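Counting begins at 1 with the first residue of the sequence. In this text, all values refer to a predicted model and were calculated from it rather than measured experimentally.
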Amino acid sequence: MKYEIMFKIMTRLLQKRKVTAKEIAEKYDVSVRSVYRYVEELIVCGVPIDISRGRYGGLSIADTFRLPAGYFTREEFSAAINALNAMASQINDENIISAREKLESKQKNEVRELSVCGNIIVDGGTWGGGAKFTEKMRVCEQAVNQSKSLLIDYISRGGEHSKRVIDPYVLIFKQSVWYVYAFCHTKQSFRTFKIGRIKSATFTGAEFVKKAFTRDDIDLNLNYSDRQLTEVTLEIDKSSLADAEEWLGIDNIEPLGDKLVANISLPDDDSLVNKILSYGGNVRVAEPAALRERVKAAAKRIYEAD
């Protein structure tokens, strides 16, 4: 009984990060003195719990402390929590609720700013328009974490609006762009949606059970699979090296004689031509010749425009 309550105290702290001894005592039907005794034993065992007295005092656990992983794969862990959530909504069983709490204590449940992880902050929004993008990211992240369906208003590259119900599985960050990988109820298949093209996203009120999936199930070409990916050789001026590294990746740019060259596969569409032109001549196409001619033709149209 003693060790069971000690473990429950630890999992409760992992969930809430700070609680009062009185709260613990009432929840597990023990005395406040016993709570402090159990906490002191946990501290001796190496659990980093801080005891603070006074009006605003309580028991708190270090933010960096986590239960060791290893018993579940990510897919098993997610499936177990989803199953326990479903059971808990139907059966008011204290053991089911306790088991769910123990598993959920391994997740970081603190209220936090979106896309903040440790010492890393990621802002995928545009200059001056970050608030709207951040709100969409917050909704998508919550939908992924809590397996909640979304109704989205999506605008395709061609400008077509469509309203879809999606079940978000995971967020993807690639080439400085955020995507959400989700099951689309309209198409009855998994799709990858660019978050910047989601005009609005709202919760439907429905929840879903995630099917098992792995990284290999996701097409990380991100909807370019039906287009031609072109092998491109680019020559890069040193003055634009930093910007080109952020676009193409440091590993893809190498010195070749007195030049900087990138050999890389890129989606061959109009956005590629526009991207190359944005470097103002500091990124030049060496191969293929057809792409080089398209860039030259686009530059000529800009020059000749009134």
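Side-chain N or O atoms of Ser52 include one that pairs as donor or acceptor with a backbone N or O of Gly58 at under 3.5 Å. Within the 3.5 Å criterion, the main-chain N or O of Ser156 finds a donor-acceptor partner in the side chain of Arg197. Judged by distance alone, with hydrogens and angles left aside, the side-chain atoms of Lys22 form no donor-acceptor pair with the main-chain N or O of Val32 at under 3.5 Å.
Under the 4.5 Å side-chain criterion, counting only non-hydrogen atoms from C-beta, Glu231 is not in contact with Asn263. With a 4.5 Å cut-off on side-chain heavy atoms, Ile51 and Leu59 count as touching. Taking the side chain as every heavy atom from C-beta outward, Phe193 and Pro168 never approach each other to under 4.5 Å. By the 4.5 Å heavy-atom criterion applied to side chains, Trp247 and Leu234 are counted as neighbours. Annotation: side chain of Leu266 is in contact with side chain of Leu248 (closest heavy-atom distance under 4.5 Å). Residues Ile24 and Val39 have side chains not in contact (no heavy-atom distance under 4.5 Å, counting atoms from C-beta outward). Two residues are said to be in side-chain contact when any heavy atoms from C-beta on lie closer than 4.5 Å; Ile166 and Lys187 fail this criterion. No side-chain heavy atom of Ile9 sits under 4.5 Å from any side-chain heavy atom of Val19.
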Check the pair Ile195 / Tyr179 against side-chain contact (heavy atoms from CB on, under 4.5 Å), numbers first and verdict last.
CA-CA 5 Å; Ile195 293 179; Tyr179 301 84; 5.7 Å; no

Between Tyr169 and Lys211, is a side-chain contact (heavy atoms from CB on, under 4.5 Å) present by the stated rule, with each step listed?
CA-CA 9 Å; Tyr169 272 56; Lys211 300 176 183 177; 3.7 Å; yes

Start with the C-alpha gap between Glu141 and Arg138, add the side-chain angles, then the distance that decides, and say whether salt bridge (charged side-chain N to carboxylate O under 4.0 Å, His left out) holds.
CA-CA 5 Å; Glu141 186 181 38; Arg138 184 194 67 78; over 6 Å; no

Which is it for Tyr154 and Glu160 under the side-chain contact (heavy atoms from CB on, under 4.5 Å) test, yes or no, and what are the steps along the way?
CA-CA 8 Å; Tyr154 194 72; Glu160 178 185 355; over 6 Å; no

Kindly determine whether Val144 and Lys210 satisfy side-chain contact (heavy atoms from CB on, under 4.5 Å), including the steps that lead there.
CA-CA 10 Å; Val144 168; Lys210 288 183 180 179; 3.9 Å; yes

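Hydrophobic cluster membership is shared by Ile253 and Leu272, with clusters built from Ile, Leu, Val, Met, Phe, Trp and Tyr side chains linked at under 4.5 angstrom. Cluster annotation: Val295 is connected to Ile264 through the hydrophobic network of ILVMFWY side chains, with a link wherever side-chain heavy atoms come within less than 4.5 Å. Cluster membership check: Ile236 does not share its hydrophobic cluster with Leu256, using side-chain heavy-atom separations under 4.5 Å among Ile, Leu, Val, Met, Phe, Trp and Tyr. In the hydrophobic clustering of ILVMFWY residues, with side-chain heavy atoms under 4.5 Å counting as a link, Leu241 and Ile276 come out together. Val232 and Val261 fall into different hydrophobic clusters, where Ile, Leu, Val, Met, Phe, Trp and Tyr residues are linked whenever their side-chain heavy atoms come under 4.5 Å apart, directly or through other members.
Scanning all heavy atoms of the two residues, the minimum distance from Ala201 to Val139 falls at O-CG1, 3.9 Å. Considering every non-hydrogen atom in both Leu277 and Ala299, the closest pair reads CD2-CB, 3.9 Å. Between Ala286 and Arg292 the shortest heavy-atom distance is O-NH1, 2.7 Å. Listed here is the closest heavy atom pair of Tyr279 and Asp243: OH-O, 3.3 Å. The shortest heavy-atom contact between His185 and Asp167 is NE2-OD2, 2.9 Å. Ala289 and Glu287 make their closest contact through N-OE1, 3.8 Å (heavy atoms, listed as atom of the first residue, atom of the second, distance).
Here the straight-line distance linking atom OG of Ser200 with atom CD of Glu135 works out to 11.5 Å at 0.5 Å rounding. In this structure, NZ in Lys136 is found 10.5 Å from CD1 in Ile152, a value given to the nearest 0.5 Å. Leu13 CG to Lys18 NZ: the interatomic distance, rounded to the nearest 0.5 Å, is 11.0 Å. Atom OG1 of Thr202 sits about 4.5 Å away from atom CG of Leu151, to the nearest 0.5 Å.
Two rings, from Phe208 and Phe183, have their centers 6.0 Å or more apart.
At a cut-off of 3.5 Å, with distance as the only test, no side-chain donor of Ser31 or Arg33 sits close to an acceptor on the other residue.
The residues Lys296 and Glu293 are annotated as salt-bridged, a charged nitrogen and a carboxylate oxygen being separated by less than 4.0 angstrom.
A cation-pi geometry, defined here as NZ or CZ lying under 6.0 Å from the six-membered ring centre and within 45° of its normal, does not hold between Lys8 and Tyr28.
Here Glu23 pairs with Arg12, Lys16 under the salt bridge (Lys or Arg N to Asp or Glu O under 4.0 Å) rule; sequence neighbours left out. The salt bridge (Lys or Arg N to Asp or Glu O under 4.0 Å) check on Lys238 picks up nothing, with sequence neighbours excluded.
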